[in-house]
Amino acid sequence: MQLQELEVTRNMKNKFDIRKITGMRLFMPIVCLLAVLLINVITTPGFFKVTLNNGVLYGYVVDVINRASELVILAVGMTLVTAASGGQDISVGATMAVAGAVCCQILSGGQVTTNTFENPLILAMLAAIVVAGICGAFNGFLVAKLNIQPMVATLILYTAGRGIAQLITKGQITYVRVDAYKVFGGYFGKCPIPTPIFIAILFVIIVYIVLKKTALGLYIESVGINGTASRLVGLNSTMIKFLTYVICGVLAGVAGLVASSRIYSADANNIGLNLEMDAILAVALGGNVLGGGKFSLMGSVIGAYTIQALTTTLYAMNVSADQLPVYKAIVVIIIVTLQSPVFKKFMANQKAKRAASKAVAEGGNQS
Amino acid sequence: GNKDAGSSEGGSTAAAGSESGDNITVGFSQVGAESDWRTANSESMKSTFSEDNGYTLIFDDAQQKQENQITAIRNFIQQEVDYIVLAPVTETGWDTVLQEAKDADIPVIIVDRMVDVSDDSLYTAWVGSNFELEGQKACEWLNQYAKAKGLTEINIVDIQGTIGASAQIGRTKGLEDAAKANGWNLLASQTGEFTQAKGQEVMESMLKQYDNINVVYCENDNEAFGAIDAIKAAGKTVGPDGDILVMSFDTTNAGITDTLDGSIICNTECNPLHGPRVEEIIKTLEEGGTPDKQAYVEEGIFAYGSDVPTITVDGEDYEVTEVTQDVIDQRAY
Amino acid sequence: MNKPKKKLNGNSFLLMITILLFIIMYAAGMIIFADKGFAKPQMFLNLFISNAGLLVIAMGQTIVMITAGIDISVGSVTALVCMVVANQMENHGASAFTAVAFALAIGLAYGLIQGFLVSYMEIQPFIVTLAGMFFGRGMTSIISTDMIAIKNEMFLAWANYKIYLPIGTYSKRGKFIPAYIYPTVIIAVLIFIVIALIMKYTKFGRSVYAIGGNEQSALMMGLNVKRTKLKAYLLDGVLAGMGGFLFCLNSCSGFVEQAKGIEMDAISSAVIGGTLLSGGVGTPVGTLFGVLIKGSISSLITTQGTLSSWWVRITLSALLCFFIVLQSIFASLKKKK
Amino acid sequence: MEKDVLLTMRDISKTFPGVKALQHVDFTLRRGEIHALMGENGAGKSTLIKVLTGVYEFDSGVVRMAGNDTPIVNHSPQDAQKAGISTVYQEVNLCPNLSVAENLFIGREPRKVGMIDWKTMNRKSAELLAELDIDVAATMKLEEVSLANQQMIAIARAVDMECQVLILDEPTSSLDDDEVAKLFKLMNRLKDKGVGIIFVTHFLEQVYAVCDRITVLRNGELVGEYQVKDLPRVMLVAKMMGKDFDDLADIKSAHEGKGLGEKIPVIEAEGISHKGTIKPFNITINKGEVIGLSGLLGSGRSELVRAIYGADKAESGTLKVNGKEAKINSPIDAMKLGMAYLPEDRKKDGILADLSVRENIIIAMQAKRGMFKPMSRKEMEEAADKYIEMLQIKTASRETPIKSLSGGNQQKVIIGRWLLTNPEYLILDEPTRGIDIGTKTEIQKLVLDLADQGMAVTFISSEVEEMLRTCSRMAILRDGKKVGEIEGAEMTQEGVMNAIAGAGGDEKHEE
Ligand SMILES: Nc1ncnc2c1ncn2[C@@H]1O[C@H](COP(=O)(O)OP(=O)(O)OP(=O)(O)O)[C@@H](O)[C@H]1O
Ligand SMILES: Nc1ncnc2c1ncn2[C@@H]1O[C@H](COP(=O)(O)OP(=O)(O)OP(=O)(O)O)[C@@H](O)[C@H]1O
Ligand SMILES: [Mg+2]
Ligand SMILES: [Mg+2]
């Protein structure tokens, strides 16, 4: 009996390292990302080739990381909102359009196209981010103060947002054909890496540090898990929820600027179109519960890269864009099934069974 | 103001109305405001059917949803408008509601896309573009241009519009037929959903798969802008002397500006100014006449340089306009 | 000692408020736009004609929302149903009856798979149905990227069969025009009644509420949570299929972009009608009024008819916002009392 | 199987990650007996019950029921119900959004032509409620009913089901003596009908009042099964704790006279009221004093302290803290003034279920410090360890989510949370609810110690005895009104009872 126990502990020690890794919350999301990337080893041999072309990095992988930038930024905000309010902000796509519209309109001084900045770039960008923050604040007010359900509260700007953006641009696409404006969606100076990658990483780091260096992360989780109890321990639930929406709005604004800079124009109808759904998906693929509470920022970031990797992969495989959702749906279901509690329990049971039969066998040998 | 209830007798209500200073009421159901083209189209209607011109326009934006348009038309019928103008989101599915309009004796004028109904008498007239012809014209231009420039091998990729849109269907068909007829190498087709961002993304992907592309057929200007960026980012050049020729449609102001320097080598027009044409039809009806069932708006083709002065499609000649600053300045949209 | 106090509880109070607000809004519309025909009975019936499909879809949505779930795939299920129905009838010679079977089968399949993933695999409903939404839209375009017009005679006969009512109005030209509805309205209203009864008077219906109120408790009280959830999604799927078919009767065609955003309409209708996304609260009657309210907001805007595209969007959501905020204020007033 | 054996559980084991909750436990229930299941917090009582009713799957063991030769396994509470096992779980498990009647009848609604017959259901519910003297209307929504009545409703539901086995997991934790008496009457009636009842409680006197047999668990292991008459109280406690312990020690006398001589008021409330529930109310609480609030269920004790703490906004009145008038709009204001409040409804107002024990302990302290002064990992761990040690919290580790702790241990975590903020004025609303008797005494001692150190404490408990042991003064409430204060010699069981019931006790208030 005692011997057996010893045996078990010894076995555990051997497996200890692997378990520590597989037990980590980010394990599954990372595995999924890698799996998606691995498909390409077979289907698109050149997928991982990165070359220096014309002074910039060039290749599918660069595309994945570059194109995912807006999604990563949005996913960060979405994670916070989800954690604190147990609901999602579906207006982020529209907020991106509003930010793009504000920025371009200020830069063009109200014209449809411009070849020079009519107003300072910094002013335009600040204004855009402030407006996006106000959009977030509006959502936050409805959710936190008036207790309106997040998805419905944000439905208002989801419908109105693009209308407001069109109102700002007078229903036309505003072009800012100035090289300095293309930097945020293109390249900075002689740097061979696309700027959006840096912007995404920068904002992930900023939010990460804010969460680490303040108690905000804990507050958000606490409020998301139980609002009444949080209030009784002295947290201002309303304020914290509100804050997450403002942050989400601001981040959507930043994403909007990147998207707008990529096309050096403000396209009210198309900037950030359907991106809210992908952002929510990213949060879920990162292993987060959409009902709020505990969250993993890095999980969402990985989720965002997974989605873009999938899209780029399918493009590389020549899947037509209108049929792409079918494959996306299948992959998403596979990923979330792998991460589901039921599947995990099933695997754990299998493992336990195997361990048990092994223990029995070994025990038999020893006695 | 729609207070002509008193003067309403018989079929000439509207005519009587306009003579006595009352307006003709027109209900216009628009697709949405999804592009500059659409905005220009709405503007054209609004300026044509203004109060000053003796009309009351009831404008409805369907936000890209057919069901909204069906609802709007039912609403127009209840409002007893004099004419219904419909820019349909889709070609299909109009039988029921157009029958209701017919039952209510309200003439329906279709603009832009055609409707596919079992009974042609459900609408009075149609005004719009011939998207397939646009495609044919563009391809014929390319054919001539290739001959003029001695291009023997054409490796073309198609950045399609939103799948299912009439413009996409027509323009894609034009290209596919021409590719077959002329022995072009149609490498790939992928939708860019009429947007710059998607156009760029799709082009990026195509450039990685094929390094022999020499023509890109973009189904609108926005996609062309994206494609040009992607090509440049890949270290290739566009234009008559570059690696890749970019073709486009719509001839928006921004688009034709790119044609000026050859970035877009050829830009086929898609005219949004339907207002005057529709007004002509209404005038004809007011006077008791019968308008033509179908009226295409005039559309030109714009190109860089003068290598191809005219093209011939289906026995008809079309002049190719060489883009100059003057041409740009004189355009209304 | 036990005097059962007959007091209006929070939820039925909100429902009353919602209904009242609807009546006020509609009455205001009738007064302001009297000269534009808003007061005609047909205008009111049009609300039902245009929203028959949505009403049925929203019923299903209400049920899953009461279980604390959500179904955002309904829009693409509708598109898929329309496409399959159109494709089967026009390209494969199916009859209109077979088409109905196809619509229901698609709904059933969706309900089964999504229900299984949500209840037995415990995957978050939003994600399951988001995948369902992607899948449906993609499948639609795999079937055909062309628009398919339905020309099947029996189908068109169903779609165009006007049922005249003994009420009506005189047109400007003095002609009597009887008010009418289509069979879709009758089907939708019947479904609404059946669902309302199911939710109120069956064990399944009450279990749905219990699960939404507190899933853990429902389990501990001996309810079969998983099976009930599966049934809820199944019913939702079938209703989506049915709603899709009604939608198809209204639009008589199938194409890729069809019914985009219907899911948001269904969700917001349910919410306006008092359903909580967090589950446990909501009624089919509320959702009916939610649909009517959304419908009349659009109708008011169309009747007004001078707004540019972007102002339409802004006004639409401003009205929606006004409505939701008003509700929330009433709700909090009620709570304070 | 013995002739009257209803249910046997043999060699049951159950592990949770990091916890061996049950190890080779045997349990036997006979027809017509009330069988107490005893043990400290975290001993595995609730787990044994949940294993039986199919909430959890067990790792090994066999369950048999009378009249059934093959072992049974319940895979869900539904199966258990079908097998004739009806259960009231430790935390109230009802649906807040449904009416009282529905909560009573869901899953077994009366029908007419296949449809639920609401009329009959409401009538039957009213009857059932009347029978058990529960003062709520059948049509009320459950969330509008007080916790104690919810508890009674849960019991009513379980009792009304035709069952062979009735399980009651700490049903009395939020009931007062009247309700408990009612419950016991009911239990005895069922027992006479031959129902076997499993009864979990931490109140020893209740065990001796109704039970026939006792099974004791300790640390997930079976200690033994005993006849009540063979197991005197002291021995029972010893069996539960694994050491001798005298729970009747007069802890108060040890502290007598240690209190501060001078009376320094910490809290002076004047005319505090709350809409509908609390009529204007004056109270003064001094440094080093433990004030008890006593009254019947629903008399407004909780509401009163909530109004002081700012959890609900007081409608009128002024509040002075340390002699200075204070404006309290929300709990954080109160906390900044040195208050702490342990809410009565642990599940709803207390625990942050998904957060770890550590986070649950430090959250109030962290909130008080503010967002920009986060506690370091080390500080948190030290604080958590301190209170896990001090309150003997049974947890796999400090990083275990609080939701996987046993009910009593969750309560201890919440107590630790507030002690960490080092308050000047501590409000404890039913702090010992669901806590085993060893720890209960510890907590009482702790309260007195804290008072000795100068803390002002308000103590609310439904257990009069406990109040007498800890409080130096008691305020009596009735129907949201303060009807008196008692002190010193008056503070006896009788004195309190009389005060609660009203002068003379003739107009005994019925609940
Ligand atoms: N869901 C769970 N996950 C992990 N551990 C659990 C879970 N439920 C209970 N435990 C652990 O099992 C042990 C036994 O818990 P149980 O709830 O049975 O105790 P109990 O005897 O009912 O105590 P109390 O008197 O406090 O209610 C405890 O150590 C607890 O932490
Ligand atoms: N959750 C609730 N919803 C509605 N009313 C409640 C609720 N809880 C308590 N009440 C009511 O508020 C009044 C005061 O209740 P309170 O909880 O303060 O009483 P208490 O003396 O603390 O009794 P208890 O022992 O139940 O905690 C009572 O009339 C009660 O019925
Ligand atoms: Mg327990
Ligand atoms: Mg209380």
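Order of the sequence lines sets the chain letters (A, B, ...), proteins ahead of strands, with each chain counted from 1. Because the structure is predicted, anything quoted here is derived from the model rather than measured.
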Can you tell me how far [atom2] of [Y] sits from [atom1] of [X], rounded to the nearest 0.5 angstrom?
X: B/I70; Y: C/I49; atom1: CD1; atom2: CD1; answer: 11.5 Å
X: B/R38; Y: C/S309; atom1: CZ; atom2: OG; answer: 9.5 Å
X: C/L45; Y: B/R74; atom1: CG; atom2: CZ; answer: 11.0 Å
X: C/T302; Y: B/D60; atom1: OG1; atom2: CG; answer: 4.0 Å
X: B/N68; Y: C/I301; atom1: CG; atom2: CD1; answer: 10.5 Å
X: C/K151; Y: B/D95; atom1: NZ; atom2: CG; answer: 7.0 Å

Side chain, backbone, both or neither: which part of [X] has an atom under 4.5 Å from a heavy atom of chain C?
X: B/Q99; result: neither
X: B/I169; result: side chain
X: B/Q69; result: neither
X: B/D103; result: both
X: B/T39; result: side chain
X: B/E91; result: both

Can you tell me which portion of [X] sits under 4.5 Å from chain B's heavy atoms? Options are side chain, backbone, both or neither.
X: C/W311; value: neither
X: C/F38; value: neither
X: C/Y180; value: side chain
X: C/S298; value: neither

Pick from [options] with the largest number of heavy-atom pairs that fall under 4.5 Å of chain B:
options: C/L316, C/V256, C/L307, C/L156; answer: C/L307
options: C/S299, C/G37, C/C82; answer: C/S299
options: C/N51, C/I148, C/L54; answer: C/I148
options: C/S308, C/S144, C/C248; answer: C/S308

Evaluate whether atom [atom1] of [X] has more than 12 neighbouring non-hydrogen atoms of other residues, nucleotides or ligands under 6.0 angstrom away.
X: B/K173; atom1: NZ; answer: no
X: C/F176; atom1: CZ; answer: yes
X: B/Y123; atom1: OH; answer: yes

Is there a side-chain contact (heavy atoms from CB on, under 4.5 Å) between C/D265 and B/K65? Walk through the geometry before answering. CA-CA 12 Å; C/D265 290 339; B/K65 290 186 191 166; 3.6 Å; yes
Taking B/S29, B/A33, B/A62 one by one, which has the highest count of heavy-atom pairs under 4.5 Å against chain C? B/A33
Go through the steps for C/E257 and B/I163 under the test side-chain contact (heavy atoms from CB on, under 4.5 Å), then give the verdict. CA-CA 9 Å; C/E257 300 284 301; B/I163 298 297; over 6 Å; no
Show, in sequence, the C-alpha distance, side-chain angles and deciding distance for C/C252 and B/T96, and conclude whether the side-chain contact (heavy atoms from CB on, under 4.5 Å) test is met. CA-CA 8 Å; C/C252 290; B/T96 310; 4.0 Å; yes
Could you tell me which residues satisfy salt bridge (charged side-chain N to carboxylate O under 4.0 Å, His left out) with B/E134, sequence neighbours excluded, listed by chain and number? B/R171
With the side chain counted from C-beta on, respond yes when [X] and [Y] share a heavy-atom pair under 4.5 Å apart, and no when they do not.
X: C/T145; Y: B/Q168; value: no
X: B/E100; Y: C/K162; value: yes
X: B/E67; Y: C/T78; value: no

What is the minimum heavy-atom distance between B/Q79 and C/K36, and which atoms define it? CG-O, 3.1 Å
Closest heavy-atom pair, B/Q66 versus C/F255, reported as atoms and distance to 0.1 Å, is OE1-CE2, 3.6 Å
Check the pair C/N46, B/Q78 against side-chain contact (heavy atoms from CB on, under 4.5 Å), reporting the backbone distance first and the verdict last. CA-CA 10 Å; C/N46 279 351; B/Q78 293 310 309; 3.7 Å; yes
